[in-house]
Amino acid sequence: GYLLKQHFRNENMVYDDEQQGLKKQIVIYFSHVVAENTPKGLAAQKFADLVEKKTNGRVKVEVFPNGSLYSDGEEMDALLRGDVQMIAPSFSKVTELIPEWQVLDLPFLFQDYHDVERAFTGDVGEHLLAMLDQKGIKGLALWGNGFKQMMSTARPLVRPDDFRGLRFRIMPSEVIEKQIRLLEGEPIVVSFDHVYRSLERHEFDGQENTISNIYSKGFYKFQPYITISNHGYLGYAVMMNKSFWESLPKDIQQKITEAIQETTKWNLQQSKKQNEQELEKIKQNKSIHIYELSEEEKKRWERKFAPLYDQFTKEFGDKLLREIKQR
Ligand code: LMR
């Protein structure tokens, strides 16, 4: 703790002698892996602007997008080491640290955006964020990207059988791995910054992601069969290194909390709109085949995925699940 704090004091607090003697500027590095023009990229920038405004420039948040500082496989360690102060990894990537977070990867957990918003900004969200505390992380908020869709190189993915034998890119997540195995596909973990290159090299046949990520990174150019399944939700845990957080003056903590709350509210609206608009843009491309899963087809997928719920409950109990499902 002490050494870490020293590190931050030296590296991330710049003394500005010219203005009123010893006024320090606090610098927060915020690293993430997606494009700037995405729900996470835009929220990170909005948060940075709000913090700067609310603190009259005393705090500067520097956002590093596109994994330019750390890839998704590296950013958690970088945060824990204190090399960056903030990251916002997807839930799946938090499950390696906190296995209970697997609950958020269960398919068809959230029915719609209201479900998502209630969970993210209510008691469940608070419980989930509190779990980060014992890992040396200050959990600030849960942000959303959107519902995930399935896509493939060669054929439409409509019935569970359609996945059989496909090599499928996944994030590191036990639940998602089992999900693909239930479909008799072959899951392959690929970090986000390698997805495009792997597509160029035909290293996998299918993947799941949000329209925003598919659009901003151009994945549809390689995998033109997109199924609107909304089967999973891609959300983010916005986190700060805990000893850094604790080293901040109380008034600054207060401003950061206000900025994060404002940003979260905005993000939950904006992310929905952005995914809808970008779906329309993708649809204009005549070589892309978009298939919307019917309710009946969705039910078939749900039945296929039912064992994931049993396994989760067996391992972790049903408390979190019940909290999320409470209507
Ligand atoms: C992915 O790896 O597909 C996503 O988690 C990337 C992201 O952060 O949205």
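Atoms within each ligand, like the ligands themselves, are counted from 1 in listed order. The structure displayed is predicted, hence computed values, not measured ones. The first residue in the sequence is number 1, and the count goes up from there.
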In this structure, CG of N230 is separated from CH2 of W301 (nearest 0.5 Å) by 10.0 Å

Could you state the interatomic distance from CG (L132) to CH2 (W101), rounded to the nearest 0.5 Å?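 Result: 5.0 Å between the selected atoms.
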
At less than 4.0 angstrom from any non-hydrogen atom of [X], what atoms of ligand 1 do you find?
{"X": "L234", "answer": "5 (O), 9 (O)"}
{"X": "S90", "answer": "5 (O)"}
{"X": "K93", "answer": "1 (C), 2 (O), 4 (C), 5 (O), 6 (C)"}
{"X": "V33", "answer": "8 (O)"}

Report the part of [X] (side chain from C-beta onward, or backbone N, CA, C, O) that has a heavy atom under 4.0 Å from ligand 1; answer both or neither where that applies.
{"X": "N209", "answer": "side chain"}
{"X": "V195", "answer": "neither"}
{"X": "H32", "answer": "neither"}

Tell me, which protein residue and heavy-atom name are nearest [atom], and how many Å apart are they?
{"atom": "atom 8 (O) of ligand 1", "value": "K40 NZ, 2.8 Å"}
{"atom": "atom 7 (C) of ligand 1", "value": "V34 CG1, 3.3 Å"}
{"atom": "atom 9 (O) of ligand 1", "value": "Y236 OH, 2.5 Å"}

In terms of side-chain heavy atoms, does [X] have a donor or acceptor partner in [Y] at a distance below 3.5 Å?
{"X": "E208", "Y": "Q179", "result": "yes"}
{"X": "N145", "Y": "T210", "result": "yes"}
{"X": "N213", "Y": "K40", "result": "no"}

Counting N and O atoms only, with roles assigned by atom type, does the side chain of Y309 sit under 3.5 Å from a partner on the main chain of P107, one being a donor and the other an acceptor?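 Yes: the side chain of Y309 pairs with the backbone of P107.
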
Would you mind finding which of R169, E208, Q207 brings a heavy atom closest to atom 3 (O) of ligand 1?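 The option holding the nearest heavy atom is R169.
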
For the residue pair L109 and K325, establish whether any side-chain heavy-atom pair is separated by less than 4.5 Å.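 Of all side-chain heavy-atom pairs linking K325 with L109, at least one is under 4.5 Å.
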
Quick check: do E276 and E278 have side-chain heavy atoms less than 4.5 Å from each other?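 Answer no - side chains too far apart.
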
